[in-house]
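Since the model is a prediction, treat every value here as computed from it, not as a measurement.
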Amino acid sequence: MQIIRLYKTAATLLAFYDEQYYSIKADWNSFVNRKELFKNILSELPAQTRIDKATAETIIENELQAPIATQEVWAAGVTYFRSRTARMEESEVSGGATFYDKVYVAERPELFFKATPHRVSGHKQVVFIREDSSWDVPEPELTLFVSSHGTIEGYTVGNDMSSRSIEGENPLYLPQAKVYEKCAGLGPCLIVTDTPIPPDTLIKMSIFRKEDMKYSDSVPISQMKRGHQELVDFLFKGCAFPDGCYLMTGTCLVPDNSFTLQDNDRVEISIDHIGTLINDVQTLH
């Protein structure tokens, strides 16, 4: 698999391919929202401005932004068996547990709106937990970049912040459990590949509290019940995305029920081939 890494920064769009950085003066939306994106970028790189590694890494360190412009972020739920089990556990008291069991085996997947661009945090930026929630977790997810044509053109790391106490109280509270300020993380870059990301790709999440690791685990994306294009096709049945969109594909890494995030926790999510997304946690007041 060949990979082009795209970094969105305040100053420029950076591409990294074959150990060389390129500075690209282009609008993010028009640059990434194309079919056969890898092929197109590869053909254009020779005409772009080369910059040295030290300069590029300084720009990335100081000016990196989330790899998003006007795209919406959507998410799929209950795509892994562990997620099904966790949702059933948190909703047992409310009587909503059977909803998650049924959607896991249903033809139609669970898809929900997650975030507008201004609610998305990038690498080393803060994500929020809600003040009116007592049980909060990050959800590490392989996130697809999908063109306006419905084709999967790239991948990034996603952090789908979730209030388990609110969703568990009543499944109808899902929008409040999922959608609020800084409720999602994306980054550090968008990778564009010549072939689909392999099924043995590992997702790993670690959570630190004052440098003490409170949780760490990993899982291959092959454990997903749903196919990536299957999720995209259902999303595009009722929606159009003129600038493309992001689709989080669900999680299998769920901390023990006794765990909840606290202020100043650090969440590190790594996905093979893409990199590591780091977010600090604060309460939204």
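- Atoms CG and CG, from Asp280 and Asp265 in turn, are 9.0 Å apart once rounded to the nearest 0.5 Å.
- Under a hydrophobic-cluster definition in which Ile, Leu, Val, Met, Phe, Trp and Tyr are linked whenever side-chain heavy atoms come within less than 4.5 Å, directly or via other members, Leu142 and Val267 are assigned to the same cluster.
- Counting only N and O atoms by type, the side chains of Thr49 and Ser23 include no donor and acceptor under 3.5 Å apart.
- Ile68 is not connected to Ile269 by any chain of hydrophobic side-chain contacts under 4.5 Å among Ile, Leu, Val, Met, Phe, Trp and Tyr, and they are in different clusters.
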Show the numbers, then the answer: is there a side-chain hydrogen bond (donor to acceptor under 3.5 Å, both in side chains) between Thr70 and Asn29? CA-CA 7 Å; Thr70 62; Asn29 286 348; 2.8 Å; yes
Going through the checks in order, is the side-chain hydrogen bond (donor to acceptor under 3.5 Å, both in side chains) test met by Ser147 and Asn33? CA-CA 5 Å; Ser147 77; Asn33 184 31; 4.5 Å; no
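- Test Lys214, Lys210, Arg209 against Asp212 for salt bridge (Lys or Arg N to Asp or Glu O under 4.0 Å) and you get one pass: Lys214.
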With side-chain contact (heavy atoms from CB on, under 4.5 Å) as the criterion, how do Met205 and Tyr215 come out once you've worked through the C-alpha distance, each side chain's angles and the decisive distance to 0.1 Å? CA-CA 8 Å; Met205 179 171 71; Tyr215 173 88; 3.5 Å; yes
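- Looking only at atom types and distance, the side chain of Thr116 has a donor-acceptor partner in the side chain of His118 under 3.5 Å away.
- No more than 12 heavy atoms of other residues, nucleotides or ligands lie within 6.0 Å of NZ in Lys124, so this atom counts as exposed by the packing criterion.
- Between Leu231 and Leu111 the shortest heavy-atom distance is O-CD1, 4.0 Å.
- Linking Ile, Leu, Val, Met, Phe, Trp and Tyr whenever their side-chain heavy atoms come within less than 4.5 Å puts Leu6 and Val120 in one cluster.
- The minimum heavy-atom distance between Ala184 and Ala115, with the atom names listed, is CB-CB, 4.3 Å.
- In this structure a side-chain-to-backbone donor-acceptor pair under 3.5 Å is present from Thr156 to Cys189.
- The ring of Phe16 has its center no closer than 6.0 angstrom to the ring center of Tyr22.
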Candidate pair Val157 and Thr276, rule side-chain contact (heavy atoms from CB on, under 4.5 Å), full reasoning: CA-CA 7 Å; Val157 181; Thr276 301; over 6 Å; no
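- Annotation: ring-ring contact (aromatic ring centres under 6.0 Å, His included) contacts involving residues 27-55, sequence neighbours excluded, are absent.
- Residues Ile129 and Leu186 do not share a hydrophobic cluster, defined by chaining ILVMFWY side chains whose heavy atoms lie under 4.5 Å apart.
- Side-chain atoms of Pro188 and Leu64, non-hydrogen and from C-beta on, do get closer than 4.5 Å to each other.
- Of the N and O atoms on the side chains of Thr143 and Glu141, not one donor lies less than 3.5 Å from an acceptor on the other residue.
- Annotation: side chain of Gln65 is not in contact with side chain of Tyr7 (no heavy-atom distance under 4.5 Å).
- There is a path of hydrophobic side-chain contacts, each under 4.5 Å, that joins Ile152 to Met224.
- With respect to the salt-bridge test (charged N to carboxylate O, under 4.0 angstrom), the residues Lys114 and Asp160 qualify.
- For the pair Glu19 and Arg50, the salt-bridge criterion is not met [side-chain N within less than 4.0 Å of a carboxylate O].
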With side-chain contact (heavy atoms from CB on, under 4.5 Å) as the criterion, how do Leu13 and Lys8 come out once you've worked through the C-alpha distance, each side chain's angles and the decisive distance to 0.1 Å? CA-CA 5 Å; Leu13 192 163; Lys8 184 173 182 283; 5.8 Å; no
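- When side chains are defined from C-beta on, Asn159 counts as touching Val127, because their heavy atoms get closer than 4.5 Å.
- Judged by distance alone, the side chain of Glu167 and the main-chain N or O of Pro175 form no donor-acceptor pair under 3.5 Å.
- Salt-bridge annotation for Arg266 and Glu268: present, with a side-chain N of the basic residue lying under 4.0 Å from a carboxylate O of the acidic one.
- At least one donor-acceptor pair under 3.5 Å links the side chain of Asp272 to the backbone N or O of Leu202.
- The hydrophobic cluster around Phe208 extends to Met213, counting ILVMFWY residues whose side-chain heavy atoms fall within less than 4.5 Å of a member.
- When atom types are taken as modelled, the side chain of His123 and the backbone of Ile278 share a donor-acceptor pair closer than 3.5 angstrom.
- Of the possible donor and acceptor atoms, none in the side chain of Arg226 sits under 3.5 Å from a partner among the backbone N and O of Gly250.
- Within the structure, no pair that satisfies the ring-ring contact (aromatic ring centres under 6.0 Å, His included) test touches residues 160-184, not counting sequence neighbours.
- Side chain of Glu230 to backbone of Gly227: a donor-acceptor contact under 3.5 angstrom is found.
- Donor-acceptor pairing under 3.5 Å is lacking for the side chains of Glu44 and Asn40.
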side-chain contact (heavy atoms from CB on, under 4.5 Å) for Ile3 and His273? Distances and angles first, verdict last. CA-CA 8 Å; Ile3 297 174; His273 315 293; 3.9 Å; yes
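- In this structure, Thr251 contributes its side chain and Leu253 its backbone to a donor-acceptor pair below 3.5 Å.
- Atoms CD1 and CD1, from Ile197 and Ile271 in turn, are 7.0 Å apart once rounded to the nearest 0.5 Å.
- One finds the CG atom of Asp136 at 8.0 Å from the OG atom of Ser162 (value rounded to the nearest 0.5 Å).
- Between Tyr155 and the options Thr249, Thr201, Thr193, a side chain to side chain contact (heavy atoms under 4.5 Å, CB included) holds for only Thr193.
- With rounding to the nearest 0.5 Å, the separation of CZ in Arg130 from SG in Cys183 is 10.0 Å.
- Here Leu261 contributes atom CG and Gln282 contributes atom CD; the two are 11.0 Å apart, rounded to the nearest 0.5 Å.
- A donor atom on one side chain and an acceptor atom on the other are found under 3.5 Å apart for Thr283 and Asp263.
- Gln125 contributes a side-chain N or O that, together with a main-chain N or O of Gly122, makes up a donor-acceptor pair within less than 3.5 Å.
- Using modelled atom types, one finds a donor on one side chain and an acceptor on the other under 3.5 Å when comparing Gln2 with Tyr17.
- Note: Asp194 CG to Lys39 NZ = 12.5 Å, rounded to the nearest 0.5 Å.
- With hydrogens and angles ignored, the 3.5 Å screen pairs no side-chain donor or acceptor of Thr151 with any backbone N or O of Glu153.
- Salt bridge present: Glu139 and Lys178 bring a charged side-chain N and a carboxylate O closer than 4.0 Å.
- Residues Ser133 and Ser165 are in side-chain contact: their nearest non-hydrogen atoms beyond the backbone lie under 4.5 Å apart.
- Between His228 and Ile221, the closest heavy-atom pair is CE1-CD1, 4.0 Å.
- Remark: the backbone N or O of Val126 is paired with a side-chain donor or acceptor of Ser121 at under 3.5 angstrom.
- By the 30° and 60° cut-offs, the orientation of the rings of Phe241 relative to Trp74 is perpendicular.
- Closest non-hydrogen pair, Ile4 versus Leu42, comes out as CD1-N, 4.1 Å.
- For the residue pair Tyr21 and Ala56, the shortest heavy atom distance occurs at CG-CB, 3.3 Å.
- Taking both residues in full, the closest heavy atoms of Glu110 and Leu174 are given as OE2-CD2, 3.5 Å, listed atom of the first, atom of the second, then distance.
- For the residue pair Asp132/Gln176, the side-chain donor-acceptor check at 3.5 Å is not satisfied.
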